[in-house]
Amino acid sequence: MGAKKTGFESSKYLILFFCFLSFSISYSQIDISKDANDKKFKGSILSSQKQGDYLEESKIPNKKNDTITFLYNNENIAKLISIKNEKEGITNDQFHKYASEINPKFHFHSKLENRNATIYFNEEKTFANIKVFSDSTKSKVIEIGFISGQKLIQKLIPNYQSK
């Protein structure tokens, strides 16, 4: 004889789903405010300067060897996040960890490759995830980037074709 189901089991899964959803939202840094990113990525600021319509800020997070650069629009919303580690490189696992935290809504559709970079686009080409390699053999990733918005993608990526 099976135990009587109380309805708690289904609400338990609903609670887990909402916890997962809120956890995922709290980790997405692309298209969120500078204040939220400052709370998430604490560390020493290396530089902060205006680049045209954008504020570029680079920092070294506490206890990491990576350098993280943010590009914020006039509303202080992150439109580009770049992580660089030329010395140790960035593993494929690290790339996917950062991608799931920074750009969790990204769904791969197409890619563009050149001598030392691979750029992945979503279907609408409103998001781009980038791997930059140390040389043309593409054996060591030294920088990864996440860009939001067709306008900025067109500006930063040569040979970009919107829809």
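Index from 1, following the sequence. Values reported hereafter were calculated over all heavy atoms of this structure, with side chains retained and with hydrogens, waters and symmetry mates removed.
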Item to check | Minimum side-chain heavy-atom gap Ile142-Ser134 below 4.5 Å | outcome: yes
Checklist entry - What's the spacing between Asn73 CG and Ser148 OG if we round to 0.5 Å? => result 9.0 Å
Checklist outcome for this item: For Lys125 and Ile153, the nearest pair of non-hydrogen atoms, with its separation, is O-CD1, 3.7 Å
Item to check | Heavy-atom side-chain proximity of Leu55 to Leu71 below 4.5 angstrom | outcome: no
Checklist entry - Is the NZ or CZ atom of Lys59 positioned over Phe41's six-membered ring, under 6.0 angstrom from the centre and within 45° of the axis? => result no
Checklist entry - For Glu113, what residues pass the side-chain contact (heavy atoms from CB on, under 4.5 Å) criterion, not counting sequence neighbours? => result Lys111, Thr118, Lys138
Checklist entry - Is it true that Lys34 and Asp38 have a side-chain N and a carboxylate O under 4.0 angstrom from each other? => result yes
Checklist entry - From Lys131 NZ over to Tyr120 OH, what is the distance, rounded to the nearest 0.5 angstrom? => result 4.0 Å
Item to check | Atom pair OG (Ser82) and CD (Glu56), whose distance is rounded to the nearest 0.5 Å | outcome: 9.0 Å
Checklist entry - Do Leu46 and Ile60 touch side chain to side chain, with heavy atoms closer than 4.5 Å? => result yes
Checklist entry - Under a single-linkage definition using a 4.5 Å side-chain heavy-atom cutoff for Ile, Leu, Val, Met, Phe, Trp and Tyr, are Val141 and Phe95 assigned to the same hydrophobic cluster? => result yes
Item to check | Any residue meeting side-chain contact (heavy atoms from CB on, under 4.5 Å) with Thr137, in chain and number order, not counting sequence neighbours | outcome: Asp135, Ser139
Item to check | Residues which pass side-chain contact (heavy atoms from CB on, under 4.5 Å) with Lys151, listed by chain and number, not counting sequence neighbours | outcome: none
Checklist entry - Roughly how far apart are Lys84 NZ and Ser58 OG, rounded to 0.5 Å? => result 9.0 Å
Checklist entry - Quick one: side-chain contact (heavy atoms from CB on, under 4.5 Å) partners of Asn122, sequence neighbours excluded? => result Phe106, Glu124, Thr126, Phe127
Item to check | Salt bridge Lys140-Glu86, side-chain N to carboxylate O under 4.0 Å | outcome: no
Next on the checklist: In the structure I gave you, are the side-chain heavy atoms of Ile81 and Ile68 within less than 4.5 Å of one another anywhere?
Outcome noted: yes
Item to check | Over 12 non-hydrogen atoms of neighbours within 6.0 angstrom of NZ in Lys39 | outcome: no
Checklist entry - Does the side chain of Tyr72 reach to within under 4.5 Å of the side chain of Leu80, using non-hydrogen atoms? => result no
Checklist entry - Of all residues at least two apart in sequence or in a different chain, which pass the side-chain hydrogen bond (donor to acceptor under 3.5 Å, both in side chains) check with Asp93? => result none
Next on the checklist: Holding to salt bridge (Lys or Arg N to Asp or Glu O under 4.0 Å), I want the full list of residues that pass it with Asp31, two or more places apart in sequence or in another chain.
Outcome noted: Lys79
Item to check | Separation between CG of Asn76 and CD1 of Ile32, rounded to the nearest 0.5 Å | outcome: 12.0 Å
Checklist entry - Hey, are the side chains of Ile157 and Ile119 touching, using non-hydrogen atoms and a 4.5 Å cut-off? => result yes
Next on the checklist: Between Thr67 and Asn85, is there a side-chain heavy-atom distance shorter than 4.5 Å?
Outcome noted: no
Checklist entry - Do Asn103 and Asn129 get their side chains close enough for a donor-acceptor pair, meaning under 3.5 Å? => result yes
Item to check | Close side-chain approach of Asp66 and Tyr98, heavy atoms under 4.5 Å | outcome: yes
Checklist entry - Where do Ile147 and Leu156 land on the side chain to side chain contact (heavy atoms under 4.5 Å, CB included) test, with the steps shown first? => result CA-CA 9 Å; Ile147 306 173; Leu156 297 175; 4.1 Å; yes
Checklist entry - Thr69 and Glu57: side-chain donor and acceptor closer than 3.5 Å? => result no
